[in-house]
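Below: the structure, in structure tokens.
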Amino acid sequence: MSSFFYEKLAGIKPLKPAYKKIEIKPAMIGDLRFVSSSVKTPYGEVCIDWERNEDEILVSVVIPPNTEAVLLIPGQERKEIGSGNYQFRYVACEK
């Protein structure tokens, strides 16, 4: 898969070597309504799926064992999360 897709659109990038700490900052640009992407790391697979409509943004994230992540959703508070499976629901921001 192209690094442009998972680094820019999905927003997955390492903050520490070997993805020990990960930044997830998806680019919710233009009319793009959803993105699903993953990256294999030495600790396991990092996954993000997001979907937005006029009312809400739904985000699912998988962080592999022994890692941590910073989740940065446009217009929302920064979240620090550890390994595990997460689902978040946000009210969509005004355009």
Side-chain angles (χ1 to χ4, degrees):
M1 175 177 294
S2 168
S3 65
F4 170 80
F5 189 79
Y6 68 81
E7 288 179 3
K8 301 299 182 193
L9 294 179
I12 301 170
K13 76 175 194 180
L15 293 177
K16 290 187 177 177
Y19 288 86
K20 182 69 175 169
K21 186 168 186 176
I22 306 150
E23 178 182 85
I24 301 177
K25 184 180 180 182
M28 298 180 178
I29 55 175
D31 291 334
L32 191 61
R33 292 289 186 197
F34 67 93
V35 165
S36 180
S37 185
S38 63
V39 176
K40 291 185 181 182
T41 77
Y43 298 97
E45 197 166 30
V46 176
C47 305
I48 179 170
D49 297 305
W50 66 262
E51 181 178 352
R52 69 177 170 165
N53 59 43
E54 293 177 13
D55 301 322
E56 63 187 359
I57 300 168
L58 304 172
V59 180
S60 296
V61 179
V62 177
I63 306 301
N66 302 309
T67 61
E68 55 186 21
V70 176
L71 181 62
L72 301 164
I73 303 299
Q76 306 298 324
E77 284 189 33
R78 167 190 175 107
K79 288 190 183 296
E80 299 266 347
I81 55 178
S83 59
N85 298 335
Y86 299 89
Q87 292 186 339
F88 301 100
R89 183 180 305 259
Y90 301 98
V91 174
C93 296
E94 297 284 327
K95 286 188 177 184

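Note that this is a predicted model, so its numbers are computed, not measured.
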Output the distance between atom [atom1] ([X]) and atom [atom2] ([Y]), rounded to the nearest 0.5 Å.
{"X": "Thr67", "Y": "Ile22", "atom1": "OG1", "atom2": "CD1", "answer": "4.0 Å"}
{"X": "Phe88", "Y": "Ser60", "atom1": "CZ", "atom2": "OG", "answer": "9.5 Å"}
{"X": "Tyr90", "Y": "Leu58", "atom1": "OH", "atom2": "CG", "answer": "10.5 Å"}
{"X": "Ser37", "Y": "Leu9", "atom1": "OG", "atom2": "CG", "answer": "8.5 Å"}
{"X": "Ile24", "Y": "Ile81", "atom1": "CD1", "atom2": "CD1", "answer": "5.5 Å"}

What are the two closest non-hydrogen atoms of [X] and [Y], and how far apart are they?
{"X": "Ala18", "Y": "Pro42", "value": "O-CD, 3.5 Å"}
{"X": "Pro65", "Y": "Ser83", "value": "CA-CB, 3.6 Å"}
{"X": "Ile63", "Y": "Gly82", "value": "CB-O, 3.6 Å"}
{"X": "Glu54", "Y": "Arg33", "value": "N-NH1, 4.4 Å"}
{"X": "Thr41", "Y": "Pro64", "value": "OG1-CG, 4.1 Å"}

Answer with yes or no whether the hydrophobic clustering places [X] together with [Y]; edges join I, L, V, M, F, W, Y residues whose side-chain heavy atoms lie under 4.5 Å apart.
{"X": "Tyr43", "Y": "Tyr86", "answer": "no"}
{"X": "Leu72", "Y": "Leu15", "answer": "yes"}
{"X": "Leu32", "Y": "Ile57", "answer": "yes"}
{"X": "Leu71", "Y": "Ile29", "answer": "yes"}

Task: Cationic N near anionic O, under 4.0 Å, Glu23 to Arg78 - done: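 Answer for the salt bridge query: no.
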Open item on the list: Other residues, nucleotides and ligands only: do more than 12 of their heavy atoms fall within 6.0 Å of CD on Glu77?
Closed with: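 Check fails, neighbour count at 12 or below.
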Task: Lys20, NZ: over 12 other non-hydrogen atoms inside 6.0 angstrom - done: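 Yes, because the 6.0 Å sphere around NZ of Lys20 holds more than 12 heavy atoms from other groups.
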Open item on the list: Checking Val59 against Ile48 for the side chain to side chain contact (heavy atoms under 4.5 Å, CB included) test, could you report, in this order, the C-alpha distance in whole Å, the side-chain angles of both residues, the deciding distance, and whether it holds?
Closed with: CA-CA 7 Å; Val59 180; Ile48 179 170; 4.2 Å; yes
TODO: Test Ile73 against every option in Lys79, Arg52, Met28, Lys25 by the side-chain contact (heavy atoms from CB on, under 4.5 Å) rule and name the one that passes.
DONE: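 That would be Met28.
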TODO: Please name all residues satisfying side chain to side chain contact (heavy atoms under 4.5 Å, CB included) with Phe34, sequence neighbours left out, ordered by chain then number.
DONE: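 Residues passing side chain to side chain contact (heavy atoms under 4.5 Å, CB included) with Phe34: Glu51.
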Task: Cluster companions of Val62 among Ile, Leu, Val, Met, Phe, Trp, Tyr (side-chain spacing under 4.5 Å) - done: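 Besides Val62, the cluster holds no residue at all.
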